[in-house]
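Here is the structure we will look at, set down as structure tokens.
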Amino acid sequence: AQTVTQSQPEMSVQEAETVTLSCTYDTSENNYYLFWYKQPPSRQMILVIRQEAYKQQNATENRFSVNFQKAAKSFSLKISDSQLGDTAMYFCAFLRTSGSRLTFGEGTQLTVNP
Amino acid sequence: NAGVTQTPKFQVLKTGQSMTLQCAQDMNHEYMSWYRQDPGMGLRLIHYSVGAGITDQGEVPNGYNVSRSTTEDFPLRLLSAAPSQTSVYFCASSYSGQGRVNSPLHFGNGTRLTVT
């Protein structure tokens, strides 16, 4: 079974600064997807970024980028130029390419301070 | 498109009561699923379905039933509510092919359930 671990329950950052959220996972699969989801206080789950394991290039979406280290089974999220609206719970998630179950980490509560 | 619609948004039950959480999507997604979110535990999969008439258990299925009679709807039934089922419940859907999820999940806005 796959496991996803987010070792930082809480983090904070000053507005306009950069922050990195950590995620590690355990799998014997070679092909899979990794995701970061954001959950603001509204409780809505919003997809931030997605990475396919077969792609060596790290995914980027505007201010959000990942550092995907397949051999180390690490998938960190970097948020540049942090904004107050980035305050949310962030979840890392794993999906086998051949699977139908998304496995989530415990979440990291990020607070952006003015 | 309304996306994924969950009702109700909030619910309080007494121990032993039953209820159904409703989930509907209008994106013609084959795959639908139910998660529960508890502090410090992330989201855990309860049940899922890869198409009408097909359901399967997830990580924490005990105490819950599901059915999938149509592509659009995937209700979650609590047969006899227990305080341990106090949680926030999310329904999510996605395109899938051959029983495999192949696109990101779209989530509903969640249902906060309290069992006293």
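In what follows, every chain begins at residue 1, and chains take the letters A, B, ... in the order their sequences are listed.
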According to a 4.5 Å side-chain heavy-atom criterion applied to Ile, Leu, Val, Met, Phe, Trp and Tyr, with indirect links allowed, do [X] and [Y] form part of one hydrophobic cluster?
X	Y	value
Y35(B)	L21(B)	no
F35(A)	Y25(A)	no
L84(A)	Y90(A)	yes

Just so I know, are the side chains of [X] and [Y] near enough to count as touching, which here means a heavy-atom distance under 4.5 Å?
X	Y	answer
L47(A)	H106(B)	no
F107(B)	Q44(A)	no
F104(A)	R44(B)	no

**Report entry** Contact origin within Q6(A) toward chain B - heavy atom pairs under 4.5 Å
**Finding:** neither

Query - Heavy-atom proximity to chain A below 4.5 Å, by part of L45(B) - result: side chain

Requested in this report: Using side chain to side chain contact (heavy atoms under 4.5 Å, CB included) as the criterion, point out the one residue from N109(B), L43(B), L105(B) that pairs with M45(A).
Outcome: L43(B)

Report task. Considering non-hydrogen atoms only, spot the tightest contact between R50(A) and P104(B) and give its length. Result -> NH1-CD, 3.0 Å

Requested in this report: Return the option, out of E59(B), Q37(B), M41(B), with the maximum number of heavy-atom pairs under 4.5 Å with chain A.
Outcome: Q37(B)

Query raised in the report: Any donor and acceptor pair, going by atom type alone, linking the side chain of R43(A) with main-chain N or O of G110(B) inside 3.5 Å?
Result: yes

Query raised in the report: How many angstroms lie between OH in Y31(B) and CG in L102(A), if you round to the nearest 0.5 Å?
Result: 7.0 Å

